[in-house]
2 protein chains.
Amino acid sequence: MSRLSIGDLAKRTGTKVETIRYYERIDLLPAPARTRNNYRSYDDDHLGRLSFIRRARDLGFPLDQVRELLDLADQRDRSCEAVDVIARQHLAEVERKIADLNALRGELTDVISRCEHGIVADCRIIGALVPAIEN
Amino acid sequence: MSRLSIGDLAKRTGTKVETIRYYERIDLLPAPARTRNNYRSYDDDHLGRLSFIRRARDLGFPLDQVRELLDLADQRDRSCEAVDVIARQHLAEVERKIADLNALRGELTDVISRCEHGIVADCRIIGALVPAIEN
DNA sequence: TATGGACCCTGTAGCCACTATAGGGTCAAG
DNA sequence: CTTGACCCTATAGTGGCTACAGGGTCCATA
């Protein structure tokens, strides 16, 4: 039944103190008890919940999906289909971003490869950016 | 010597009107002349510059790099090495993001593949998020 | 001539997920 | 008794826009 200061909780979860306060402000992490000095005092539930949030964030889930996952995690008798849906949605989003970035990398590599290290006036990188304007 | 309204410029460059005003506010695009009605009136230089900005943005360059590229593009006698450096930096950044997202995709795929479509209490996706807390 | 719709203007607030700063209070060690 | 490490609140800043609110202007049509 350990009690943690915000700094301790931060260390245990690899979160910045300001971020923890931010999570409280947006009602992602419940407000903890306070000591007589008005310091926040966290318990194991907070530790578990914040660890969950951090893991989900590390996996790239946006905060509103994290919120949904937290809600679902509490409804232990329900089907986990909703969980699967959220995870798959997120995976699809990640794959879309990868595809976009790969296309981008192709273009950039292409542009850079044409650089002949001369002067700016002849630079193919700049050339690829300067538009050919038709009337 | 065509004169463009902000709406025309927006159409020609595929930019939103609000974005053009934003670029002016942050001194990325020079403030144009005004008509007697106080409407913005753009010339070909603006068109060229905004097109340049948009292309660079499409290639994912952040605005401060776009700013540098614009400055460099004007110094036509200088070596284009600085241009090459910026482009390569950006490419490296893009590649880093791709690597991060690929790692993420791996983890997500892994987590999702273990879902057995039962109830939340047994859900492996949630399980992968709920931490095993040691004292 | 009235009116409607498509433009244009400024200024401000909102988005996401934090991060940083200012300006203080509290506490234990040396 | 002071130093430094914590803690508190409230607010503003980040990037790159986007979306109002609350007006003005212009042209065509009824």
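All values below were derived from every heavy atom in this structure, side-chain atoms included, with hydrogens, water molecules and symmetry-related copies excluded. Proteins come first, then strands; the chains are lettered A, B, ... in the order of their sequence lines, and each starts at number 1. Because the structure is a prediction, the values reported are computed rather than measured.
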Nucleotide nearest [X] (side chain, heavy atoms from C-beta), chosen from [options]:
| X | options | value |
| --- | --- | --- |
| A:K16 | C:dC18, D:dG16, C:dT19 | C:dT19 |
| A:E18 | C:dC18, C:dT21, D:dC6 | C:dT21 |
| B:R40 | D:dC8, C:dT10, C:dC18 | C:dT10 |
| A:Y39 | C:dC7, D:dC6, C:dT19 | D:dC6 |
| A:N38 | D:dC8, D:dT25, C:dT19 | D:dC8 |
| A:R25 | C:dC8, D:dT9, C:dT19 | C:dT19 |

Can you check the [X] [atom1] to [N] [atom2] distance for me, whole Å?
| X | N | atom1 | atom2 | result |
| --- | --- | --- | --- | --- |
| A:R57 | C:dT19 | CZ | P | 10 Å |
| A:L4 | D:dC7 | CG | P | 11 Å |
| B:I20 | C:dC7 | CD1 | C1' | 14 Å |
| A:I6 | C:dT19 | CD1 | P | 14 Å |
| A:Q65 | C:dC16 | CD | P | 12 Å |
| A:L9 | D:dC6 | CG | C1' | 15 Å |
| B:I53 | D:dG15 | CD1 | C1' | 15 Å |
| A:Y22 | C:dT19 | OH | P | 10 Å |

Taking 4.0 Å as the cut-off, does a side-chain nitrogen or oxygen of [X] come that near to OP1 or OP2 on [N]?
| X | N | value |
| --- | --- | --- |
| B:S5 | C:dC8 | yes |
| B:Y23 | D:dC17 | yes |
| A:T19 | C:dT19 | yes |

Given that B:E24 and A:L63 both sit by DNA chain C, which one's nearest nucleotide is further toward the 5' end?
B:E24
5'-most contact on DNA chain C: B:G7 or A:R21, nearest heavy atom basis?
B:G7
How about [X] and [Y]: do any of their side-chain heavy atoms sit closer than 4.5 Å?
| X | Y | answer |
| --- | --- | --- |
| A:I53 | A:R57 | yes |
| A:R12 | A:L47 | yes |
| B:R78 | A:I119 | no |
| A:Y42 | A:D8 | no |
| A:L108 | B:H90 | yes |

Using a 4.0 Å heavy-atom cut-off across all strands, classify [X] as base, sugar-phosphate, or nothing.
| X | result |
| --- | --- |
| B:I26 | nothing |
| A:R54 | sugar-phosphate |
| A:R36 | nothing |

For [Y], is there any backbone N or O sitting under 3.5 Å from a side-chain donor or acceptor partner on [X]?
| X | Y | result |
| --- | --- | --- |
| B:D110 | B:S113 | no |
| B:R49 | B:L28 | yes |
| A:R40 | A:I6 | no |

Overall bend - the helix from C:dT1-D:dA30 to C:dG30-D:dC1, comparing terminal axes fitted on five pairs, nearest 10 degrees:
30°
Please test A:N102 against B:I98 for side chain to side chain contact (heavy atoms under 4.5 Å, CB included), starting from the C-alpha separation and ending with a verdict.
CA-CA 7 Å; A:N102 271 326; B:I98 290 172; 3.5 Å; yes
Can you name the nearest heavy-atom pair linking B:V17 to B:G7, along with the distance?
CG2-CA, 4.1 Å
Comparing B:N37 with B:P62, nearest DNA chain D nucleotide closer to 5' gives the residue B:P62
Of residues 88-99 of chain B, the positions that come close to DNA chain C - non-hydrogen atoms, cut-off under 4.0 Å:
none
Residue pair A:Y23 / A:R54, side-chain donor-acceptor N/O under 3.5 Å
yes
